[in-house]
> 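Quick one: structure below, then a few questions.
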Amino acid sequence: MSDQAASDTAPHHRPVRSGDHVFLVDGSGYIFRAYHALPPLTRKSDGLPIGAVAGFCNMLWKLLREADDTAAGVKPTHLAVILDASGETFRSEIFPAYKAQRPPPPADLVPQFGLIREAVRAFNVACVEKTGFEADDLIATYARQAREAGADVTIVSSDKDLMQLVGPGVILLDTMKDRRLGPDEVVEKFGVPPEKVVDVQSLAGDSVDNVPGVPGIGIKTAAQLILEYGDLEGLLAQADGIKQKKRRENLIEFAEQARISRKLVELDQNTPLDEPIDALAVRGLKGEQLIAFLKAMEFNSLTRRVSEATSTDVAGVEPASVPIKGWPPEADPSAEAEKPAESTEKAGDSAPKADAVSARLPADVEPNTPAAVVAERQAAAVAAPVDTSAYETVRSLDRLDAWIAAAFDLGYVAVDTETTSLDAMQAELVGVSLSTGPGKACYIPLLHQTGTNDLLGGGLAPDQISQAEAIKRLKPLLEAPTVLKIAHNLKYDYLILARHGIHVAPFDDTMLLSYALDAGKGGQGMDELSERWLGHKPIPFKEVAGSGKSMLTFDQVPIDKASVYAAEDADVTFRLWRVLKPRLPADRVTTVYETLERPLLPVLARMEMRGISVDRQILSRLSGDFAQTMAALEAEIHELAGEKFNVGSPKQLGDILFGQMGLPGGKKTKTGAWATGADVLEDLAAQGHELPRRLLDWRQLSKLKSTYTDALPGFIHPETKRVHTSYSLAATTTGRLSSSDPNLQNIPVRTEEGRKIRTAFVAAPGHKLISADYSQIELRILAHVAEIPQLVQAFEDGIDIHAMTASEMFGVPVEGMDPMVRRRAKAINFGIIYGISAFGLSNQLSISRSEASDYIKRYFERFPGIRDYMEATKAYCREHGYVVTIFGRKAHYPEIGSSNPSMRAFMERAAINAPIQGSAADVIRRAMVRMEAALDAANVRADMLLQVHDELIFEVADDAVEAALPVISKVMEEAAEPAVRLRVPLKVDARAAQNWDEAH
DNA sequence: CCTGCCCCATA
DNA sequence: GTATGGGGCAGGA
């Protein structure tokens, strides 16, 4: 070993000079990291924990012997291990909480600190620590000196707090991953180059070290802000120009805290050093000394390697006598006090909820009325406890047949399916549960697997009926017209079963029952309803299958566990049905349930199954285009500006626009910076200036890309190659549907770029998409319910409703109307639907509050019926706790009487909006329920695919388009009848095209 | 890893 | 000013 001979004779002191390589080992950081990353290791002879020491010694050995083989790429000429001395540092004086609440190190790490010092000594390496200073400050100071002497610096650490030191000639070396951390890696971690890391950290703070930072700002936001504003002071100076309210307030309120944080985070590069940097020169190993230590630690393989490398005879070396402090640990009396207090709430857990208790037979209920039945059922439901031990696991066809026969005899049965996924289009049917009465329930396991983590793939668990055979026998029951099937959220099970050829009918859905009865009073989930109505908390899914990354699919759940869970769900569903179903007549929502809820379920299931074709290529091209356009826009913006600048920086942008280019209309913010908000840029763009237009485009594209073009392809079904959204029938208070996974009700349309995403929604070959949407349906509903003669007349005459409103309000003729005037009227019309406030209208139109008040006043003067309607609606809601749509759907607002004025005002606006939004939702529901039969009757094949609140999308063969259009329009326009005779006509615009954009 | 917040897409 | 769902982020487990 030739280098060994050389280093043995290396001088103790050697000046650092250009070309040298100074290695600064962050000893403390290494110890903590090794302790947590490496498996616990103890000395064989006495159990002394030595894992971190072992890791440290191996690391140091490797560094001294073969650093050029690591990511460092060079050997050290100088090397020191820097440790944290105990005691307070200057940071505690600036901010007493700094690192104050840090828990004491784990007991089995404590003795290793001393051992590490011994190890460094044994390696004959300089060991530096200084009371009152952190290791990081010493490292920062040595690094500065080394650089000034022209040497390269390798900081052996991966601590993010040291990343601020990275720069020319200074890198971090993560020896555990053998990775060098240079400027690129710092940017990856902090989003900014090393010299701005301190600014980012001072904003984001650090909960581990108790660096406060600014609340609500993490690394990402901090990086974005620092890139925009340059540095912390620049940002704080312009904080009141920040768009986001909360963020702005916090930056202003916590500015000083950020400055303090900066002092805590910034390392001191001028720490007084006891040991000059020259003294860190690599000294060379003393074989015997090192081996004595290693033998004492019982590190056998490292001892062997060292003995080979240094030609030292191991046998001839006595183990060193190493002092050990902190082991074994002393008993900590405070540990006992940590025991959690015994819960005293156990008894209350199974007690019925107040809601359910209040269901006891009230004295004023007349017998043999719907209300009496309801009261009895509720009392009975709470009285009968759920016994999960009484369920049967069906293992044979005989037993299955017996359950099926019982269901036929009874005439109704609760059903639930268990599957492998929440996505009904991809889920595998794993089992079925049935219930024929409270407490009478079974589970039929079909596809459960043996073993859970078995990589060899546990096969099918024994004693299960074959899935195909079970489906064959269940099908007659589930389709039998004489047996009512009861399920909770049936659309899911309906889809699963439909994929196996079973078309469930007739049915009730307890989720929809609850929704028709209690929309707005809380969720419609089964567990929630069970607690509310039965006073029983069902077994949570996560108790059966776990959660998060380690969550089991249901086929991996052991059958006995699965059985109780699944049968309970059927049992609970059955019991809920007994309680909820009689409430329909009592609460007078039977018709709502039977015409607007239940029949829509199969319609939606079919829509979801059909899915819609989304052109993956268009999306990926679009994604690329967006990326490219963004880059191009950036280049154009630079071109227009005449120089390169950060397009994301309002500060730089303001200087360019109003400083260099001298554009007019510049406004200054309070701090004197140019305002560059969207409104300002829109103004400039309207004056024909290119740069602001491009900048707005750029901002918009980055949004479209991440939310749509990059996310949608992931939803294309592997087999159908189409996108199958999932509609929720019971998610909103007003009666609207909602769409998720993916949400196809918020595909962009307002901007040209956004509409390109719609072009990716295409018809199948030989087909067209038809889009049919209601024109102004909510304003028409408003005209109807509030009985406003001018509005009704305008809709009958088919004239521009917003222009008419403006004409009424401002006394100007519709002909040749100023578009601004019409725009104001339009905003007010929408405002009315939303339960207008002067605050909201002033924001929408960017006018003063008092001006907005004037508009509203004038509007009410011209349309007094609307004010009457609004007042009447609020009064009705206060009296009943709910409002109703024109078809009788209820939307509950139990908090309408809140004593909190802003809460109450919010509820009032919602209550005003709900009958309008909800009636429109009812109308399109009615159209959807009737649509299929109407198309069949007209002998037209048109597949309904999507609903977007006031729009229906169909897929129709080319040669059927002309026949389909009038049928679709007619069904939609007549959807309210005969239940409600509207005072205004409903108008539908329908057209066909190859893609959704052109059809819309 | 989960929850809540902000922001933004739609009607 | 109404009604949603979702991406990204922060922050506390």
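Each chain gets a letter, A, B and so on, in the order its sequence line appears, and its residues count up from 1.
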> A:K220 NZ to C:dG8 C1': how many Å, rounded?
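These atoms are roughly 9 Å apart.
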
> Please list, in numerical order, the residues of residues 822-833 of chain A that have a heavy atom closer than 4.0 Å to any atom of DNA chain B.
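DNA chain B contact set from residues 822-833 of chain A: none.
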
> A:R758 side chain to A:P748 main-chain N or O, any donor-acceptor pair under 3.5 Å?
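Here the side-chain-to-backbone pair exists.
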
> Can you tell me how far P of C:dA3 sits from OH of A:Y727, to the nearest Å?
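The answer, rounded to whole Å, is 21 Å.
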
> Could you check how far CG of A:N210 sits from P of C:dG11, rounded to whole Å?
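From A:N210 CG to C:dG11 P: 13 Å.
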
> Whole angstroms only, please: what is the CG-P distance between A:L203 and C:dG11?
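Between P of C:dG11 and CG of A:L203: 11 Å.
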
> Using the side-chain heavy atoms of A:T221, tell me which of these nucleotides is nearest: C:dT2, C:dG6, C:dA10.
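That would be C:dA10.
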
> Say whether A:T725 and A:S739, considering side chains only, have a donor N or O and an acceptor N or O under 3.5 Å apart.
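Note: A:T725 and A:S739 side chains meet the donor-acceptor criterion.
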
> Treat primed atoms plus P, OP1 and OP2 as sugar-phosphate and everything else as base, then score nucleotides 2-11 of chain B 5' to 3': B for base contact with protein heavy atoms under 4.0 Å, S for sugar-phosphate contact only, - for none.
S---SSSBBB

> Cut-off 3.5 Å, side chains only: do A:N829 and A:Y859 have a donor facing an acceptor?
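Present: a donor and an acceptor within the cut-off.
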
> Checking side-chain polar atoms at under 3.5 Å, does A:N995 have a donor or acceptor matched by the opposite partner on A:E998?
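Yes, side-chain donor-acceptor contact under 3.5 Å.
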
> Would you tabulate the side-chain donor-acceptor contacts of residues 869-876 of chain A under 3.5 Å, counting partners in other chains and residues two or more places apart, or write 'none'?
unit_1 : atom_1 : unit_2 : atom_2 : d
A:E871 : OE2    : A:K874 : NZ     : 3.3
A:T873 : OG1    : A:Y869 : O      : 2.7

> Please check: side-chain N/O of A:S202 versus main-chain N/O of A:D199, any donor-acceptor pairing under 3.5 Å?
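Present.
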
